[in-house]
Amino acid sequence: MERYRAGQLTTPQKKLPAALVEETTSEWQPQVRAQARERAATSGGMWVECTAYFGFTARGSSDGGRQRFASTAISSTYAKQILELQEAGATDEELHPVVAAAITESYFTDWGSRCHGLQANFTDVLSLKIFF
């Protein structure tokens, strides 16, 4: 930039765009990610998309387990647990019980307004995406 301002260079070098992107990403992106993680853990929650075999346990349940796609918002309580596990280096498999509980609460029991006592477990996870 100094050379441009001094008039020594009039066209950018080929490395400049990549260097600007790298420098911006290294400074800006960690701050944005930290803010998004904090917002998810305290008030905003997260969004989860999952394709897996869901099995259910509940008294009087007639709905057998099967492969399903679930896309749902999850509460900040579960988001905080997921983020803490990720920061501790948990694998995707170690996240499954928490994600299953979060999906049960929001997707299957509609935040506790139906299917009281339902518990969902999932296995054979084909995809799991967690968004802030």
Side-chain angles (χ1 to χ4, degrees):
M1 294 307 289
E2 298 290 330
R3 289 185 234 154
Y4 289 107
R5 292 176 65 197
Q8 295 172 348
L9 288 176
T10 56
T11 57
Q13 295 177 353
K14 292 180 181 181
K15 294 186 267 180
L16 180 63
L20 288 173
V21 167
E22 183 178 329
E23 189 63 28
T24 302
T25 302
S26 70
E27 292 294 320
W28 180 74
Q29 201 63 28
Q31 294 172 14
V32 171
R33 285 188 182 140
Q35 290 170 354
R37 292 172 83 82
E38 180 66 27
R39 193 170 41 254
T42 57
S43 62
M46 300 170 119
W47 192 266
V48 174
E49 290 183 355
C50 180
T51 302
Y53 180 87
F54 285 87
F56 303 95
T57 55
R59 228 175 50 201
S61 174
S62 62
D63 194 10
R66 64 178 184 262
Q67 184 175 317
R68 296 178 186 242
F69 172 77
S71 180
T72 187
I74 62 171
S75 70
S76 58
T77 303
Y78 287 109
K80 183 177 181 181
Q81 291 177 22
I82 290 168
L83 292 171
E84 287 172 351
L85 287 169
Q86 286 178 331
E87 288 172 6
T91 64
D92 280 351
E93 289 77 26
E94 293 169 331
L95 294 175
H96 290 176
V98 177
V99 174
I103 291 173
T104 299
E105 177 189 66
S106 64
Y107 186 79
F108 294 111
T109 67
D110 197 18
W111 304 103
S113 66
R114 60 188 171 98
C115 304
H116 299 287
L118 179 75
Q119 291 181 323
N121 299 310
F122 61 79
T123 57
D124 301 328
V125 178
L126 300 176
S127 70
L128 174 62
K129 297 177 186 174
I130 301 172
F131 305 95
F132 296 115

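What's counted below: heavy atoms across the whole structure, side chains too, no hydrogens, waters or symmetry copies.
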Is there a path of hydrophobic side-chain contacts, each under 4.5 Å between heavy atoms of I/L/V/M/F/W/Y residues, joining W47 to L128? no
What's the spacing between [X] [atom1] and [Y] [atom2] if we round to 0.5 Å?
{"X": "I103", "Y": "S71", "atom1": "CD1", "atom2": "OG", "result": "9.0 Å"}
{"X": "L95", "Y": "Q86", "atom1": "CG", "atom2": "CD", "result": "5.5 Å"}
{"X": "D92", "Y": "I130", "atom1": "CG", "atom2": "CD1", "result": "7.0 Å"}
{"X": "F54", "Y": "T123", "atom1": "CZ", "atom2": "OG1", "result": "9.5 Å"}
{"X": "L118", "Y": "E105", "atom1": "CG", "atom2": "CD", "result": "12.0 Å"}
{"X": "I74", "Y": "F131", "atom1": "CD1", "atom2": "CZ", "result": "11.5 Å"}

Between [X] (side chain only) and [Y] (backbone N and O only), is there a donor and an acceptor less than 3.5 Å apart?
{"X": "T109", "Y": "T104", "result": "yes"}
{"X": "S106", "Y": "A73", "result": "yes"}
{"X": "T91", "Y": "E94", "result": "yes"}
{"X": "R114", "Y": "F108", "result": "yes"}

Qualifying salt bridge (Lys or Arg N to Asp or Glu O under 4.0 Å) pairs, either residue in residues 30-53, two or more places apart: R37-E87
Option from F122, Y107, F69 for which side-chain contact (heavy atoms from CB on, under 4.5 Å) with C50 holds: F122
Between S76 and S43 the two heavy atoms that sit nearest each other are CB-N, 3.9 Å
